[in-house]
Amino acid sequence: MLDPKLIRENPQAVKEATRVKRVASPEKVDAWLAADQRRRSAQTRADALKSEQKKVGDQVGQLKRTLKGGTTPELEKLLEQANAFKTQAQQLADEQAAAETEAASIMLQLPAIPDPTWPIGKDDADNVVARTWADPAHPPIKLEGGKKDHVTLGKELNILDFDRGVKLAGSRSYVVRGAGALLYSAVLRFAQDSLIRRGYEQMIVPVLVTEQCMVGTGYFPAGREQAYITQDNTVLVGTSEVPLASFYGNEILDLDKPIRLAALSTCFRREAGAAGKDTAGLYRVHQFDKVEQVVIHKADDAEHITLHEEIVANSEAILQALKLPYRVSKNCTGDMGQGKWRMYDIETWMPSRNGYGETHSGSALRDFQSRRLNMRYREKLEGGKTETRYCYTLNNTAIACPRVLIAIIEQYQNDDGTITVPEVLTPYMQGIEQITKTI
RNA sequence: GGAGGAGUGGCAGAGUGGUCGAUUGCGCCGGUCUUGAAAACCGGUGGGCCCGCAAGGGUCCCGUGAGUUCGAAUCUCACCUCCUCCGCCA
């Protein structure tokens, strides 16, 4: 959601945002302006009328009290007047409500204005690589000389079972078993510990949330098709960013310092419209587990940038500890989505793709979500006064399984078909340092 | 799932048709007093929207939404949430 004042004062900037982001359209901006104008006009008239109505109502009350149940021509006349006001006020209220509903509905579709320093572009092909990293001892490998992809390796070692996964749950389903399952949770636990050390509060949150949370975080209404919705109208989240960012919704916070949150949760995505894309393997699945970071802080652009860099650095530290080659890209405007101000993707090297695959996505949303979530804080001003402002929010993946397992399995494979467990994960692996076929 | 009860400001808790956006206490902020602090005393203390350069004015908000009424925190209906008891259950 945008600041209404901004749209009124600079509609051109919002129209430009619809263009570079490829979200909504300039016509939507004009439609909002018109609805907003109608809304305000109706309210001004309705408020004035209601004010008169109240005065007459008060007179009726006073008169009735003195008359104690009786009536006079004066009272009759006042009641007639009051009834006339009532009808008119109802009409204006309806007019106002209709315009309000329309304006609100359009508002939910409008894009936030992206940071002008971020790349402008159409889609992910226009993203700009900011940096690339690889441990010199663990460079990106290619699938040649007998090296295998994670599907083949996983099946051979019996740590991945796609056939039975599909039997249990349909397409894009999988089972991770044995040492693979240990590796799976080891990665997640390592990421959690890493964030705990960096001062992030661990949260266990609902993954089945209200529609309000989905709208509030900006996933609805645009992304309805991507979500599983239950017969109770609750929604299975595609990321714990949704419950984390919504956690303080409808509240006014005292924000002495940024609120740093992290949650491990299962995530669900329908992947509607992705039919035929990345069908094999662990890359694009309906259910996965992810450790997510969310930061809530004051409306301050400089701090926002610092925190955005922080959450990306947190994730890079995890990948570096795992010695996985990756690169960080600035997402161009066309690839960043409706609410983002800045966005980085981290892509990890995946030999089977012979390229980098997206494993992390870190966004800075300024007040886009907090306006939708009605999440504010009290800013102390000079002279002891306070002002409520909308918070700024950020989020980034810390690690997501099974997707990152593609990189781990393929990068850490040995010539004999075994997989070496990354050193930082061995404390979580019950003494297993190498995954071999055991079943 | 069945039967009852309840949702009021940061918290506690009054208020059952008008002068109530709401008594009071606690908390919080400012001040007086004090070497300093505490105590005591004095004052202040919610949010949204609309009009306005501003000062200020108007309007809405007592779980949510509809309704009754000239007028609703107060009456009616629906929904949501919480509590108690019973049943079932990881």
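All chains are named by letter (A, B, ...) in the order of the sequence lines, taking the proteins before the strands, and each is independently numbered beginning at 1. It should be emphasised that the depicted structure is a prediction, and the values quoted were computed from it without experimental measurement. Scope of the values below: all heavy atoms of this structure, side chains included, with no hydrogens, waters or symmetry mates.
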- prompt: Can you find a side-chain donor-acceptor pair between A/T152 and A/D149 that sits under 3.5 Å?
  reply: yes
Nearest listed nucleotide, side chain of A/V60, among B/G18, B/C51, B/C60: B/G18
Closest nucleotide among B/C50, B/G71, B/G47 to the A/Q53 side chain: B/G71
query: Which one, B/G47, B/C70, B/G58, comes nearest to the side chain of A/A82?
result: B/C70
Contact list (N/O, under 3.5 angstrom) for nucleotides 62-64 of chain B vs protein:
none

Between B/U24 and B/C89 - C1' atom distance, rounded Å: 46 Å
task: Assign A/T388 to base, sugar-phosphate, or nothing according to its heavy-atom contacts below 4.0 angstrom with the strands shown.
output: sugar-phosphate
message: In whole Å, measure the gap between the C1' atoms of B/A6 and B/U59 for me.
response: 31 Å
message: In whole Å, measure the gap between the C1' atoms of B/G58 and B/G21 for me.
response: 15 Å
query: Are any of A/K50's side-chain N or O atoms less than 4.0 Å away from OP1 or OP2 of B/G58?
result: no
task: Report yes if a side-chain nitrogen or oxygen of A/S51 is closer than 4.0 Å to either non-bridging phosphate oxygen (OP1 or OP2) of B/G58; otherwise report no.
output: no
- request: Can you tell me, in whole Å, how much space there is between the C1' of B/C70 and that of B/A55?
  value: 34 Å
message: Strictly below 4.0 Å: does A/R376 bring a side-chain N or O up to OP1 or OP2 of B/G47?
response: no
field: Shortest non-hydrogen separation from A/M1 to A/R371 and the atoms involved
entry: O-CD, 3.4 Å
- prompt: Which heavy atom of A/D123 sits nearest a heavy atom of A/C332, and at what distance?
  reply: O-SG, 3.2 Å
message: Between A/D232 and A/T234, is there a side-chain donor-acceptor contact under 3.5 Å, judged purely by atom types and distance?
response: no
- prompt: Is the NZ or CZ atom of A/R403 positioned over A/F288's six-membered ring, under 6.0 angstrom from the centre and within 45° of the axis?
  reply: no
query: Just checking A/R65: base, sugar-phosphate only, or nothing, at a heavy-atom cut-off of under 4.0 Å?
result: base
message: From C-beta outward on A/R8, which listed nucleotide comes closest to its side chain: B/C50, B/G48, B/U19?
response: B/C50
query: Toward the 5' end of RNA chain B, which comes first, A/G61 or A/Y390, by nearest nucleotide?
result: A/G61
field: Partner of A/Y219 under side-chain hydrogen bond (donor to acceptor under 3.5 Å, both in side chains), chosen from A/E211, A/Q226, A/E241
entry: A/E241
task: Considering only atom C1', compute the distance from B/G25 to B/U19 and round it to an integer number of Å.
output: 25 Å
query: For the pair made of CZ in A/R38 and C1' in B/C49, what is the distance, rounded to whole Å?
result: 17 Å
query: What's the closest nucleotide to the A/I252 side chain, out of B/U59, B/G47, B/C50?
result: B/G47
query: Are a donor atom and an acceptor atom from the side chains of A/T266 and A/D289 found within less than 3.5 Å of each other?
result: yes
message: When you measure from the side-chain N and O atoms of A/R40 to the phosphate of B/C49, is any distance below 4.0 Å, counting only OP1 and OP2?
response: no
- prompt: To the nearest angstrom, how far is A/N374 atom CG from B/C61 atom P?
  reply: 17 Å
field: Separation of atom CZ in A/F85 from atom P in B/U69, rounded to whole Å
entry: 19 Å
- request: Using atom CD of A/E100 as one end and atom C1' of B/C49 as the other, report the distance to the nearest whole Å.
  value: 8 Å
- request: Check the side chains of A/E410 and A/S352 for a donor-acceptor pair under 3.5 angstrom, ignoring hydrogens and angles.
  value: yes
I'd like a list of close polar pairs between nucleotides 21-23 of chain B and the protein, N/O only, cut-off under 3.5 Å.
none

- prompt: For the side chain of A/K64, counting heavy atoms from C-beta on, which of B/C50, B/G46, B/C70 is nearest?
  reply: B/C70
- prompt: If each of A/Q37 and A/Q90 is mapped to the nucleotide of RNA chain B with the nearest heavy atom, which maps nearer the 5' terminus, i.e. the 5' end?
  reply: A/Q37
- request: Would you mind reading off the distance between A/L75 atom CG and B/U69 atom C1', rounded to a whole angstrom?
  value: 14 Å
- request: Using the P atom as the reference point in each nucleotide, state the distance between B/U84 and B/G13 in Å, no decimals.
  value: 16 Å
- request: Please report, rounded to the nearest Å, how far the C1' atom of B/G71 is from the CG atom of A/L78.
  value: 13 Å
message: Distance to the ring centre below 6.0 angstrom and angle to the axis at most 45 degrees; does that hold for A/R224 and A/F220?
response: yes
task: Taking Watson-Crick and G-U wobble pairs with both distances under 3.5 Å, convert RNA chain B into its dot-bracket string, 5' to 3', dots for unpaired and | for cross-strand pairs.
output: ((((((((.[[[..)..(.....]]]((((((.......))))))((((((....)))))).[[[[[..)....]]]]])))))))....
- request: Would you please indicate if the ring centroids of A/H308 and A/Y344 are separated by under 6.0 Å?
  value: yes
Contact check, side chains of A/R198 and A/E310, non-hydrogen atoms, under 4.5 Å: no
task: Round to a whole Å and report the spacing from CG of A/D254 to P of B/G47.
output: 12 Å
message: Minimum heavy-atom separation for A/G165 and A/V175, please, with both atom names.
response: CA-CG2, 3.9 Å
task: Scan side-chain atoms only and decide if A/S315 and A/Q293 contain a donor-acceptor pair under the 3.5 Å cut-off.
output: yes
message: Any donor-acceptor pair, under 3.5 Å, between the side chain of A/R45 and the base of B/U59, if you only look at N and O atoms?
response: no
query: Mind checking the C1' distance from B/C75 to B/U68? Whole angstroms is fine.
result: 8 Å
- prompt: Separation of A/Q43 atom CD from B/U59 atom P, in whole Å?
  reply: 11 Å
task: Using a 4.5 Å cut-off on heavy atoms from C-beta on, say whether the side chain of A/H297 contacts that of A/C391.
output: no
- request: In whole angstrom, give me the gap between the C1' atoms of B/C28 and B/C61.
  value: 23 Å
